[in-house]
Protein chains: 2
Amino acid sequence: MGEIKDVARQLLVKGGPQAVSLRAISREMGMTPSALYRYFPSLDALLAGVRSDLFEELGEATMEARDSVPGDDPLARLMAMARAFRTWGLAHRAEFGLMLGPPPPGVEGGPEPQEPDYAPACVGVAFLGEIAELNRRGGLRTPSVDLIEDRLAPGLREYLTGQEGLELPVIFAFLAAWARLYGIIAMEIFGHMAWAVTDSAALFETELINFAQQLSGSEYDRQLAGSDLDGS
Amino acid sequence: MGEIKDVARQLLVKGGPQAVSLRAISREMGMTPSALYRYFPSLDALLAGVRSDLFEELGEATMEARDSVPGDDPLARLMAMARAFRTWGLAHRAEFGLMLGPPPPGVEGGPEPQEPDYAPACVGVAFLGEIAELNRRGGLRTPSVDLIEDRLAPGLREYLTGQEGLELPVIFAFLAAWARLYGIIAMEIFGHMAWAVTDSAALFETELINFAQQLSGSEYDRQLAGSDLDGS
DNA sequence: CTGCAAAGTGAATGGTGTTCTCGTTTCGGT
DNA sequence: ACCGAAACGAGAACACCATTCACTTTGCAG
């Protein structure tokens, strides 16, 4: 069960998305393709399982980075998490594509708007937590937002009830920051930045400072940012 | 030749990425699968051709939006282009995934860093042009950037030589803005935002104002932004 | 009319997901 | 100790897939 997913991931890493096939997995495990149907109803379901595991792993990686930040600075923790996010993605390009690429393969590649995909939430809420803490300490610059009312997804709204420091502007600040982070990281990992820039680590670190300024509204001391520009 | 790509795209839209097969195309065209090899060396090459056409189409859509902006305000043009970008992507989700999803299928899905993909450039430079114009008029807020030196990709550096108003900080401002736009749009189209928000149009419009502020450094009059919040 | 090149056919090879039937193993209850 | 049921896996089969090769048809230039 777990081993199947491990083999699938291994094939994904080694040969790309099209290399992970039921038959290849069974070959690798010394089994018959049909035997795998005892554990997964389909290949898509298997990949969905792998994807779920990967989100958990990514979540743990970012949380670990958060917990290893000395002192008690929410903004510093956020930047550490952002760096961990990028580092993990760069070290696991193929997995990243499966997780945060076009549509999750779990359902189908239909052109219709797919139903909510809750998998990314487990990573997102880690960021949300720190942003909320930043807000409680008065360090969050929330944009004026009367546009978005209570149009949050039911799941998120339920998660929010009773949590203090999570008013709507805070949620929006989080979503904007989350999308911004996704943009710079996914673009690099997917190779859509390569036509313009070779040293994407420098671009990322500079953008990270912008990122911090967007959140805190103040200049962020570059010395404290801890940028070393070594990754990739 | 062109019809083949049209049929391929049609299949992509109707049935998702996995539905576009050489045999399905040939079936749709009343031909034999092997006949298609007269025109394309492989299915991947065919898809690469489709992808290239799509980038051209997206580029034309954004440029059209730019040219239909009344007055002479680079920032307003940029926002119109951003909206056109999103609108086109939402109307062509499957195509968007092929263009700006994980790795272009032209080469292979290997885990190694792929060679530069120049296709997105034709859309990017349209934004770059307006940002340059904004800079020439002194309306661009360029971030302090001593981190990124002349680490631009050779192709972009060549494009830049001789162009005025395209110093390094301007390039960085463009790249940051480009990535930010990509983040909010791709995240929505790929469905990675659905767990948190239902009305993503409102989120986008609010983020667009942030986007304008990041570029211009000044508050942007929401009345002039022309947001109507009707699209999706 | 002849030659030639482009365009398309049909069969063949080897890979794929999925389903079905069938045998084997394992293990818990009595 | 036995039996039954459930779990596990094998194997064949079906339909689809990309790709290749040898072959025929078409159409046009000389």
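Just so it is clear: chains get the letters A, B, ... in the order the sequence lines come, proteins before strands, and each one is counted from 1.
Atom CD of A/Glu56 sits in a sparse spot, with 12 or fewer heavy atoms from other residues, nucleotides or ligands closer than 6.0 Å.
Rounded to an integer number of Å, the gap from B/Arg27 CZ to C/dT9 P is 14 Å. Atom P of nucleotide D/dT20 and atom CG of B/Leu22 are separated by 11 Å, given to the nearest angstrom. The interatomic distance linking B/Phe40 (CZ) with D/dT19 (C1') rounds to 16 Å, in whole Å. One interatomic measurement links the two molecules: OH of B/Tyr37 to P of D/dT19, which rounds to 3 Å at whole-angstrom precision. Rounded to an integer number of Å, the gap from B/Leu11 CG to D/dC17 P is 10 Å. The CG atom of A/Leu43 sits 14 Å away from the C1' atom of C/dG15 (whole-angstrom rounding). If you measure from atom CG of B/Leu47 to atom P of D/dA18, you get 10 Å, rounded to the nearest angstrom. Distance, B/Arg23 CZ to C/dT9 P: 13 Å, rounded to whole Å.
Between the side chains of B/Glu57 and B/Trp88, at least one donor N or O sits under 3.5 Å from an acceptor N or O.
A donor-acceptor pair under 3.5 Å is formed between the side chain of A/His192 and the backbone N or O of B/Leu100.
Here the side chains of B/Phe174 and B/Leu166 are not in contact, with every heavy-atom distance at 4.5 Å or above.
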All N/O donor-acceptor pairs, side-chain side in residues 21-35 of chain A, below 3.5 Å, sequence neighbours left out:
| unit_1 | atom_1 | unit_2 | atom_2 | d |
| --- | --- | --- | --- | --- |
| A/Ser21 | OG | A/Ala24 | N | 3.0 |
| A/Ser26 | OG | A/Leu22 | O | 3.4 |
| A/Ser26 | OG | A/Arg23 | O | 2.7 |

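Residues meeting the salt bridge (Lys or Arg N to Asp or Glu O under 4.0 Å) test with B/Glu130, sequence neighbours left out: B/Arg77.
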- Task: Using a 4.0 Å cut-off on protein heavy atoms (strictly under), produce a 5'-to-3' string for nucleotides 5-10 of chain D with B for base contact, S for backbone-only sugar-phosphate contact, and - for none.
- Result: ---BBB
